[in-house]
Number of protein chains: 2
Amino acid sequence: MSERLSQFDKALLGLRSLVLSGEFTGQRRLSEVAFAERLGISRTPLRQAMDRLVAEGLLERIETGGCRVATFTPDDIADAIELRGVVEGTAARMAAERGVAEPLLADAAEVLDRIDGALRASGGVDFDEYIQANAWFHDLLARFADSPILRREIERMSLLPLASPSAFLSEQSAIPDFQDSLTYAQRQHRAILDAITNREGARAEALTREHARLALSNFTYLTEQQPMLAKRVPGLALVASE
Amino acid sequence: MSERLSQFDKALLGLRSLVLSGEFTGQRRLSEVAFAERLGISRTPLRQAMDRLVAEGLLERIETGGCRVATFTPDDIADAIELRGVVEGTAARMAAERGVAEPLLADAAEVLDRIDGALRASGGVDFDEYIQANAWFHDLLARFADSPILRREIERMSLLPLASPSAFLSEQSAIPDFQDSLTYAQRQHRAILDAITNREGARAEALTREHARLALSNFTYLTEQQPMLAKRVPGLALVASE
DNA sequence: TCGGAAAAAATTGTATACAGAAAATCCTAA
DNA sequence: TTAGGATTTTCTGTATACAATTTTTTCCGA
């Protein structure tokens, strides 16, 4: 089961995790040689990985050469979350319009049951399970419409860690009534799946957008109440919007 | 004014234009050495350019190594056009909600006048002018909301040449009442700008989506009426959806 | 003539060398 | 002491060499 990793894969995984660790979140240029040595590979595949991370938006090019960790304002993150909701909403609408293959629907129902289980776990909510199952549901949503284009774009948007639905989940436990928020989110999941199953495109789209707006309001609350969140955001420099 | 191009820039521009020329639209693997020689550069920057084009979606990786020109079904293109409309619609809505800086609005008004001029040119519609001004308008739309995230995503979606609003414009002259279609599109432009100026977010979004749907229906008409279009699609293998 | 194995050729993935440019350091002069 | 400039150092961008695969060709046997 363990596929042999190419040097490029090593570079990509290693570099991404280093960037997300937050260690290099200053505005300094990232040294190719330093990272290549640290990851035990040559500069060539490391450079490829840097290019990739620039394309993902995690890094940004410097005019004079090289690149640095990207910085985002809370407004940027908010936009990314909302846009993700819009695109997922489109996926939901298309899925409803076109109909979804039975097996996928069955998978979705099962995943939603798993989320219910995580919410009702003895000893409080099982966060890890919730996060995983939630990510699974959103991935299924992206596959419902059977559109490679749509799927690709949604996947791309999930790459900005802060825009993905499960980002911050651990931070979010600081939110009052957070558990209620999760329960509410799950009710939205069921409503979305219901709308899609019933071929109600407009409703499926609206519900999915609304679902993203919940994540958005949680994020907004966090950044307003806890400005120091910036320090805990995994790896990306979060810059105060003036 | 002529900025010195890096080898990578040469590779990117050259390779993209070669791919779009359609010469390599078979399913064969693109040889790195061949292209490097043809463009007069070494394999390193060419390889970077290939990576970039893969990220853009113009090329796709081959499991055993290397990459080839990507293929799209008409359904894929249709999805891309629709999705572009959705994201542009979001930009329009956000612009209306947030308000747009005066200078940008003035630019937009001017561009729309240029389009009117292109439509009323003596000796028939000035297509080149229309295409250029139209692209300009859509670029302004992407900048209206003052959101780097949104702008980036819209730009990215314009990279798939077939999804961009002006793609096919020359082909589309084969459409009956095509000139009327352009006039209608321009009326939509004005309506969109009007909605944004009046801060009517929902209307701005709906109108922008509708605008994309016009392009979509033109594309659909073309592929249905002229299956041989595939041969004339610049550079991308268009595969019949079964 | 056809199928398949073996050898040959070509191609990719990776490492590394090198030149030119940017950045850091240090020295000098006000 | 500090500003400015020259020098040194470091770094990126690019070319190229090399090894491991993959693909093609060749050749033999059925």
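So that the names make sense, note that chain A is the first sequence line, chain B the second, and so on, each numbered from 1. Only this structure's heavy atoms are used, side chains among them; waters, hydrogens and symmetry mates stay out.
In this structure, B/Ile41 places its CD1 atom 12 Å from C1' of D/dG13, rounding to the nearest Å. In this structure, A/Arg28 places its CZ atom 10 Å from C1' of C/dA23, rounding to the nearest Å. For the pair A/Leu59 CG and D/dT12 P, the computed distance is 13 Å after rounding to whole Å. The distance from atom CD of B/Glu32 to atom C1' of D/dT21 is 14 Å, rounded to the nearest whole Å. Residue B/Arg47 contributes atom CZ, which lies 16 Å from atom P of D/dT16 at whole-angstrom precision. Rounding to whole angstrom units, CZ of residue A/Phe35 and P of D/dC11 are separated by 12 Å. In this structure, A/Leu5 places its CG atom 11 Å from P of C/dT14, rounding to the nearest Å. In this structure, B/Phe8 places its CZ atom 13 Å from P of D/dA15, rounding to the nearest Å.
If you find the closest nucleotide of DNA chain C to B/Leu30 and to A/Gly40, the one lying nearer the 5' end belongs to B/Leu30. Toward the 5′ end of DNA chain C lies the nearest nucleotide of A/Gln48, the other residue of the pair A/Gln48 and A/Ile62 mapping further downstream. In this structure, B/Gly65 and B/Ser6 both approach DNA chain D, and ranking their closest nucleotides by distance from the 5' end singles out B/Ser6.
Here A/Arg43 does not reach the OP1 or OP2 of C/dA15: none of its side-chain N or O atoms lies under 4.0 Å away.
Under the 4.0 Å criterion applied to side-chain N and carboxylate O atoms, B/Glu129 and B/Arg114 are assigned as salt-bridge partners. Checked for salt-bridge contact, A/Asp139 and A/Arg143 meet the test: a charged N lies under 4.0 Å from a carboxylate O.
Here C/dT16 is the nucleotide among D/dT14, C/dT16, D/dA15 with the atom lying nearest to any side-chain atom of A/Ser42. Comparing D/dA15, D/dT12, C/dA15 by their closest approach to the side chain of A/Gln7 singles out C/dA15.
Backbone-only engagement by A/Arg29 is indicated by non-hydrogen atom pairs under 4.0 Å involving sugar-phosphate atoms exclusively.
Counting heavy atoms from C-beta on, the side chains of A/Glu153 and A/Leu83 never come closer than 4.5 Å.
Between the side chain of A/Thr64 and the base of C/dA22, no donor-acceptor pair under 3.5 Å is found. Counting atom types as modelled, B/Thr44 pairs a side-chain N or O with a base atom of D/dT16 as donor and acceptor under 3.5 Å.
Judged by distance alone, the side chain of A/Arg16 and the main-chain N or O of A/Ala11 form no donor-acceptor pair under 3.5 Å.
Between B/Phe35 and B/Phe24, the gap from one ring centroid to the other is short of 6.0 Å.
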